[in-house]
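A short write-up of the structure that comes next.
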There are 2 protein chains.
Amino acid sequence: MDLMNYENLKLFRDVTQMRSLSRAAAANGVSQSAVTQQVQELERAFGIGLLDRANRPLTVTAAGRLYADFCRDVLRRRDEFLVELEQVKQHSLGTVRVASIYSVGLSEMVEIEQEFARRVPSACLEVEYLRPERVYAAVLADEADLGLVSYPEPSREITVIPWRKEEMVLAASPYHPLAGRAQVAPEELKGVEFIGFDRELPIAREVNRFLKDHNIEVNHTLHFDNLQMIKEAVAHRAGVSIMPARIMFEEMAQGRLVAIAIDAPELYRPLGIIHRRKKRFHQVAQAFIALLCESPKPELGLIS
Amino acid sequence: MDLMNYENLKLFRDVTQMRSLSRAAAANGVSQSAVTQQVQELERAFGIGLLDRANRPLTVTAAGRLYADFCRDVLRRRDEFLVELEQVKQHSLGTVRVASIYSVGLSEMVEIEQEFARRVPSACLEVEYLRPERVYAAVLADEADLGLVSYPEPSREITVIPWRKEEMVLAASPYHPLAGRAQVAPEELKGVEFIGFDRELPIAREVNRFLKDHNIEVNHTLHFDNLQMIKEAVAHRAGVSIMPARIMFEEMAQGRLVAIAIDAPELYRPLGIIHRRKKRFHQVAQAFIALLCESPKPELGLIS
DNA sequence: CTTGCAATATAAGCTACTCTGAATTTATAA
DNA sequence: TTATAAATTCAGAGTAGCTTATATTGCAAG
């Protein structure tokens, strides 16, 4: 028999509290017979009487008191557990943990967050901004449900959902010779002073391939591992660079940088949603993915 | 389902410890299928995953860790309970609590205790000497399993097992005129100075009835509520008295009292074992009762 | 990528447990 | 004593959860 089945524990606790089998039976919605059998079975299993039925109302023996205490403690621990569980459920079923690279664009993320909060008010969105490799790590370690990265790379453990393609433009200082142009042809970049990304970054590989495909030799002056530094360098007239248009908005509004369209349709930055291959997504996470995918925001024809 | 069935708790704890359903199954002597079903049922009941089976070896989710902790705590509490229970069992199934009047005779009780210890070495005998009314009270309150009393009186709550009949003799000082006699007839007691028991004691009623039945008028000089005081008074020549022979042994050996048989077969002190009417006796208690009853020690023909 | 192995999941049938309901016994109060 | 409320006993029914057999999945090695 189950010495520790919930019904049993509660039943026995109630019996000792109410000093009556029949009342405990009623209180727990079972027949009196069932309670009798339960207690008898307990006594048989323990090899000692728990109740003294010789007198009425029945009394509890020393062993019975011991068991009643046990019941009380376990039931209390159970309640505690259920409360904790509810909290964890609330958290892990109600929140989406997103790890994102910095350059996804804070302002857009805020918009998405707002829309998500509107649609699923009970949900909680936790966005963490990390360097690309740490985004992958977070997803792999299940510290994030979703990752937002550029140039997403699937692997055995990682699945990619393509998200959007960002227009890449030439970033230049307003004082640069090309600054006034609305568009440039790739060939026009020959020999320009160029600020690039560190080699190992995917975006660097893509940009370099683009340059190579067009037989363009540029003059690499500096390279950094993040966009912010590159923007700074461009603004300080160290050269031009190629980057997603959207992340330059602020600097453009301030007149620190200008964006010049490049006549090269193959030049774009793909963004992707990554997640662990066999991950089961709960309601809320699914809703969030749906939100991301459903409105692939119209590519902003930046200059217009 | 039973969220707290022992097998289940242990099973889940083992699963989380071993990080394997199949090993936990083997360790608990059930099929791997059963474990899968158990865990699935738990997850269904909780409405949240406990294990992450996507990777091998499987990992435990936050909720799973919570439940595993719960399992650990409950199992620990269970062990604790079982230890306590064993102690209580040892005590309440292995000890006989006896409440006895003083005048049952300490020396004989020691003998009985020794014999009992020889027969049931695991047992523990707790003898408590009390005034008669407190013996009844102890039995009623289940503070004693058995009571040893004289002139036992059954009641609704109390059952009597007749135990033995003690010879009653005339107790006198060695200096008393009757001291040399081996036996006296009841009539010879007419007019003697007599030390009696307090009226309300059963023994007083019996002795007085005996005297009245034989039309004997004695000269009541003193009365006490206990034998010890009466013996003292007799030794100090305040008069004679009637009492069980056996309790005078020591004083007789010391030459402080003499016992004289009384030619009256109806004069005896009945001793009885009392217990609560519907009491269930365990092995050890039954053995003790058997010991008491089996050897109704030969009435010691005291003088011989 | 396929293949093989080990772990886990699913399906279906069966066993055994525990509940219910009715009849019986027990404890207490009038 | 009788009347009552309470506890026990017994037999039968429904089902939870096990087992076995089979399918699926995860992972590592060729």
Side-chain angles (χ1 to χ4, degrees), chain A residues 1-12 14-16 18-45 49-61 64 140 142 154-159 276-280, chain B residues 1-12 14-45 49-61 64 140 142 155-159 276-280:
Chain A
M1 117 168 279
D2 293 341
L3 304 184
M4 321 190 356
N5 149 329
Y6 169 67
E7 319 291 338
N8 246 327
L9 292 170
K10 186 157 173 325
L11 212 45
F12 191 80
D14 290 352
V15 166
T16 58
M18 301 180 176
R19 323 208 108 192
S20 156
L21 299 184
S22 43
R23 261 174 291 157
N28 288 66
V30 296
S31 70
Q32 185 188 34
S33 171
V35 183
T36 294
Q37 293 173 63
Q38 292 269 13
V39 175
Q40 282 175 341
E41 185 55 24
L42 283 172
E43 290 177 326
R44 204 198 50 69
L50 301 176
L51 303 177
D52 191 347
R53 298 136 163 102
N55 355 338
R56 284 217 266 257
L58 38 72
T59 55
V60 185
T61 67
L140 275 173
D142 199 35
S155 67
R156 187 182 345 214
E157 291 283 311
I158 298 277
T159 301
R276 288 207 307 165
R277 197 165 275 282
K278 281 150 296 185
K279 175 114 184 161
R280 293 281 213 198
Chain B
M1 118 171 277
D2 291 343
L3 304 184
M4 320 191 356
N5 154 330
Y6 168 68
E7 320 291 337
N8 248 328
L9 292 170
K10 186 155 171 329
L11 212 44
F12 191 79
D14 290 352
V15 166
T16 58
Q17 270 175 12
M18 303 183 176
R19 323 206 109 195
S20 159
L21 298 184
S22 40
R23 261 175 292 157
N28 288 66
V30 296
S31 70
Q32 168 266 323
S33 172
V35 183
T36 293
Q37 292 173 61
Q38 291 270 9
V39 175
Q40 282 176 341
E41 184 56 24
L42 282 172
E43 290 176 327
R44 204 197 51 68
L50 301 176
L51 303 177
D52 192 347
R53 300 136 163 101
N55 356 339
R56 287 216 267 254
L58 38 72
T59 56
V60 186
T61 68
L140 275 172
D142 199 36
S155 67
R156 180 169 6 196
E157 291 282 312
I158 298 277
T159 300
R276 288 209 308 165
R277 197 164 275 283
K278 282 151 297 185
K279 175 113 184 160
R280 293 281 214 199

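Just so we're on the same page: letters track the sequence lines, and every chain starts at 1.
- Side chain of A/Arg277 to backbone of A/Ile158: a donor-acceptor contact under 3.5 angstrom is found.
- One interatomic measurement links the two molecules: CG of B/Asp52 to P of C/dA9, which rounds to 11 Å at whole-angstrom precision.
- Residues passing the side chain to side chain contact (heavy atoms under 4.5 Å, CB included) test with B/Asn5 are A/Asp2, B/Asp2, B/Glu7, B/Asn8, sequence neighbours excluded.
- Here the shortest heavy-atom pairing between A/Arg276 and A/Leu140 reads CD-O, 3.4 Å.
- Screening residues 32-42 of chain A for salt bridge (Lys or Arg N to Asp or Glu O under 4.0 Å) gives A/Glu41-A/Arg44 as the qualifying pairs, with residues at least two apart or on separate chains.
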Expected rows: protein N/O vs nucleotides 22-26 of chain C N/O, under 3.5 Å:
from   : atom 1 : to      : atom 2 : distance (Å)
C/dT26 : O2     : A/Arg56 : NH2    : 3.0

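- Of all nucleotides in DNA chain D having an atom under 4.0 Å from a heavy atom of chain A, the first and last in 5' to 3' order are D/dA5 to D/dC27.
- For B/Glu7 and C/dC17, the CD to P distance is 12 Å, given to the nearest whole Å.
- Spacing between atom CG of A/Leu58 and atom P of C/dA27 amounts to 12 Å, rounded to whole angstrom units.
- Among the atoms of the strands shown, none is found under 4.0 Å from any heavy atom of A/Val35.
- Taking atom CD of residue A/Gln32 and atom P of nucleotide C/dG21, one finds them 13 Å apart after rounding to whole Å.
- Applying the salt bridge (charged side-chain N to carboxylate O under 4.0 Å, His left out) test to A/Asp142 and every residue at least two apart in sequence or in another chain returns A/Arg97, A/Lys279.
- A 4.5 Å side-chain heavy-atom check between A/Lys10 and A/Asp14 finds at least one atom pair inside the cut-off.
- Note that the two end axes of the helix from C/dC1-D/dG30 to C/dA30-D/dT1 enclose an angle of 30°, each drawn from 5 base pairs, rounded to 10 degrees.
- Of the inter-residue distances, the one linking A/Leu58 atom CG with A/Arg53 atom CZ reads 7.5 Å to the nearest 0.5 angstrom.
- Every side-chain hydrogen bond (donor to acceptor under 3.5 Å, both in side chains) that B/Ser22 has, sequence neighbours left out, goes to B/Ser20.
- For the residue pair A/Thr61 and A/Gly49, the shortest heavy atom distance occurs at OG1-O, 2.8 Å.
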Only distances under 3.5 Å count here; give the side-chain donor-acceptor pairs of residues 28-35 of chain B to other protein atoms, sequence neighbours excluded, each with its distance to 0.1 Å.
from    : atom 1 : to      : atom 2 : distance (Å)
B/Ser31 : OG     : B/Ala34 : N      : 3.1
B/Gln32 : NE2    : B/Thr36 : OG1    : 3.1
B/Ser33 : OG     : B/Gln37 : NE2    : 2.8

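- When every heavy atom of B/Ala24 is checked against every heavy atom of B/Leu11, the shortest pair comes out as O-CD1, 3.9 Å.
- If you measure from atom CD of B/Gln38 to atom P of C/dA9, you get 13 Å, rounded to the nearest angstrom.
- Here CG of A/Leu21 is found 11.0 Å from CD of A/Gln38. Values are rounded to the nearest 0.5 Å.
- Under the 4.5 Å side-chain criterion, counting only non-hydrogen atoms from C-beta, A/Leu51 is in contact with A/Val60.
- In the region residues 15-25 of chain B, proximity to DNA chain D at under 4.0 angstrom, judged on heavy atoms, holds for none of the residues.
- Counting non-hydrogen atoms under 4.0 angstrom, A/Gln40 reaches the backbone sugars and phosphates but no base.
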